[in-house]
Amino acid sequence: MIEVKNLNKSFGDAHVLKGISTSFENGKTSLVIGQSGSGKTVFLKCLLGLFYPEEGTISYDGKIYSELNSDEKRDLRSEMGMVFQGSALFDSMTILENVMFPLRMFTKQNKSEMEDRADFVLKRVNLADAHYKMPSEASGGMQKRVAIARAIVNKPKYLFCDEPNSGLDPKTAIVIDNLIQEITEEYNITTVINSHDMNSVMEIGEKIVFLKDGLKAWEGSKETIFKTDNKVVTDFVYSSELFKKVRQMYLEERQ
Amino acid sequence: MTYLHNIGAYFIMIKDMFRKPTKWSVMKTLIFKDIDDLIIGSLGIVAFISFFVGGVVTIQTALNITSPLIPKYLVGFATRQSVILEFAPTFISIIMAGKVGSFITSSIGTMRVTEQIDALEVMGINAINYLVFPKFIALMLYPFVISIAMFLGIIGGMAACIYGGFSTLDDYITGIQMDFIPFHVTYAFIKTFVFAFCLATIPSFHGYFMKGGALEVGKASTTAFVWTSVVIILLNYILTQLLLS
Ligand SMILES: Nc1ncnc2c1ncn2[C@@H]1O[C@H](COP(=O)(O)OP(=O)(O)OP(=O)(O)O)[C@@H](O)[C@H]1O
Ligand SMILES: [Mg+2]
């Protein structure tokens, strides 16, 4: 369980996060949604401890991050998995080595055990035949999936994904969404996903936090997001023609 | 103020380099890779430069000794002194600041820009230890490069001397053996170790703490080269004053 209280973050004069409070539960996939530039990435990086918020606290199962010393922080971090918006694969390693990397660093497994495990997660992200490619030889979507495989290979306690399915075709995107939800339940992980994809919202949004200009504008679940009358949320959700039609049908049905 | 801040950050980085070490099995491969990139990969250019600059030093000295009263073996002596004392340790280090330094800054800087360093940090890895420590260890072999530079500089001088007809082989050999002070070699290697430390850490610092995108990686490499050279030149002055006078 991750609890965020009154999180504030600025870059110089730009006040990017303006007092966000929320919480994310174990075993549930939580989504942070909002327009481009609304502060999703900054919010996630604050959770990860890559940005230091000026104000506010973040606690992981009761441990307040800012009160830990640097070794405790590192120990906590070794229980986190992160998928960066730009994948952030190590470009001097092959795809297989990238996925094996957390295992090499933090487990005592031997080479064949690590390879088996890496093989297993790579198959789960639909990448069974690219083990020996370098990241620069893989497509953007493949890199994304490798990044996901790397994030989950060591069974993290906390999983953060910054737009895990941007750049993927709709079919693969759904596979990835379902995969993340599955492992979240299976290993009781606390998962936070940044997204602006309404398909993901409908598929896996057990808890949804809506950010607008650095403020939490709304909070709810996939069941409630289509019923809310909050103008900010409806503007976002019904910006696509498809969802507008769905909404219309829903309203007509109710009459 | 920013200078003071950067100097502080630099020393904190040095301290962090030794904290929370990376697993040895992983570190070992990183060290071998860096030895290959930084040391083995520099041997060619260092050999080439040393040989020819050694030759030029000899020619210049020979041409400037016009008085018949000065013995011919002085050419060998002067070449040996300048190669061992200054040319190999200092001049080669400045060249290495360009070659090795820009490589270190740009490779670490690119990792910063593409969030690979963030990825390491998020995994709970001490990224400074992971990235800088193997370079530091690899560059502890740098004196080996410099001894090759010394040797080839003197050989280059010998070749130039004989083919240019400035003096005989015997005179040159007498010259390079004359009044040999072993401490001069010690002094040269003390300098070399200090410069090796600068070559590993200053470019790493500029790469690690850079901000921005690809353009800034290029700028950071240039800044790193300038600062590494400035520090090497200053330390050279200080160490020479302390050790030789
Ligand atoms: N390192 C930084 N320095 C200064 N400003 C930043 C920095 N990172 C983000 N910002 C600013 O913070 C705001 C929010 O950025 P953020 O990257 O969180 O958006 P986002 O919601 O993730 O958008 P997207 O969906 O496009 O990824 C932007 O206005 C951006 O300019
Ligand atoms: Mg973003």
Side-chain angles (χ1 to χ4, degrees), chain A residues 11-12 41 44-51 68-93 97-111 114 135-136 143 146-147 150-154 156-162, chain B residues 2 9 12-13 15-38 41 103-104 106-131 133-135 138 207-214 217:
Chain A
F11 294 102
T41 298
L44 209 60
K45 286 192 173 174
C46 285
L47 291 188
L48 284 158
L50 290 173
F51 286 153
L68 303 177
N69 67 34
S70 56
D71 287 341
E72 288 168 334
K73 277 181 187 160
R74 290 218 170 90
D75 290 341
L76 177 62
R77 279 174 166 189
S78 61
E79 300 181 326
M80 296 179 183
M82 167 72 182
V83 178
F84 285 87
Q85 197 163 359
S87 299
L89 299 178
F90 302 121
D91 46 24
S92 58
M93 302 178 193
E97 284 167 345
N98 261 286
V99 178
M100 274 164 54
F101 186 79
L103 301 175
R104 273 175 74 200
M105 291 309 265
F106 299 107
T107 69
K108 294 198 166 64
Q109 298 178 3
N110 65 35
K111 195 153 182 273
M114 289 193 282
S136 57
Q143 292 180 9
V146 178
R150 186 179 68 182
I152 61 176
V153 72
N154 201 17
K157 253 174 96 176
Y158 311 97
L159 179 62
F160 304 95
C161 305
D162 200 348
Chain B
T2 49
I12 291 172
M13 182 193 87
K15 197 188 82 193
D16 279 350
M17 188 165 90
F18 297 101
R19 285 188 57 252
K20 193 136 197 271
T22 307
K23 229 171 141 173
W24 174 241
S25 59
V26 177
M27 181 54 81
K28 204 171 55 188
T29 52
L30 293 175
I31 290 175
F32 282 126
K33 187 165 180 307
D34 279 333
I35 289 177
D36 192 31
D37 285 342
L38 305 177
F103 171 76
I104 294 178
S106 56
S107 61
I108 297 184
T110 306
M111 290 186 74
R112 167 63 77 198
V113 172
T114 55
E115 296 181 316
Q116 292 176 49
I117 293 184
D118 289 338
L120 286 172
E121 288 285 338
V122 164
M123 290 177 197
I125 293 163
N126 179 356
I128 293 181
N129 175 270
Y130 182 87
L131 294 170
F133 187 74
K135 300 191 167 47
Y208 191 84
F209 289 102
M210 65 150 298
K211 289 194 174 71
V217 175

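Just so you know, these numbers come straight off a predicted model, no measurement behind them. Just the heavy atoms: all of them, side chains too, but no hydrogens, waters or symmetry mates, feed the values below. Per chain, numbering begins at 1; letters A, B, ... match sequence-line order.
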With chain A as the partner, which of B:Met123, B:Lys23, B:Lys20 has the greatest number of non-hydrogen pairs under 4.5 Å?
B:Met123
Walk me through whether B:Ile31 and B:Trp24 qualify under side-chain contact (heavy atoms from CB on, under 4.5 Å).
CA-CA 10 Å; B:Ile31 290 175; B:Trp24 174 241; 4.0 Å; yes
Between B:Arg19 and B:Asp16 (salt bridge meaning N to carboxylate O under 4.0 Å), is one present in this structure?
yes
Cut-off 4.5 Å, heavy atoms of chain B, and the answer for A:Phe101 is side chain
If you count heavy-atom pairs within less than 4.5 Å of chain B, which of A:Ser70, A:Ala151, A:Ser78 leads?
A:Ser78
Using modelled atom types and a 3.5 Å cut-off, is there a donor and acceptor pairing between side-chain atoms of A:Asp162 and backbone atoms of A:Val83?
no
Output, in order, the C-alpha distance, side-chain angles, deciding distance and verdict of ring-ring contact (aromatic ring centres under 6.0 Å, His included) for A:Phe90 and B:Tyr130.
CA-CA 13 Å; A:Phe90 302 121; B:Tyr130 182 87; 7.1 Å; no
Bottom line for A:Asp91: the part with an atom under 4.5 Å from chain B's heavy atoms is both
Tell me, do A:Met82 and A:Leu44 make a side-chain contact under 4.5 Å, heavy atoms counted?
yes
Any idea which of A:Met80, A:Glu79, A:Arg150 has the most non-hydrogen atom pairs under 4.5 angstrom with chain B?
A:Arg150
Toward chain B, the part of A:Leu76 with a non-hydrogen atom under 4.5 Å
neither
Mark yes or no for whether B:Arg112, through its side chain, and B:Ile117, through its backbone, hold a donor-acceptor pair below 3.5 Å.
no
Where on A:Lys73 is there a heavy atom nearer than 4.5 Å to chain B: the side chain, the backbone, both, or neither?
neither
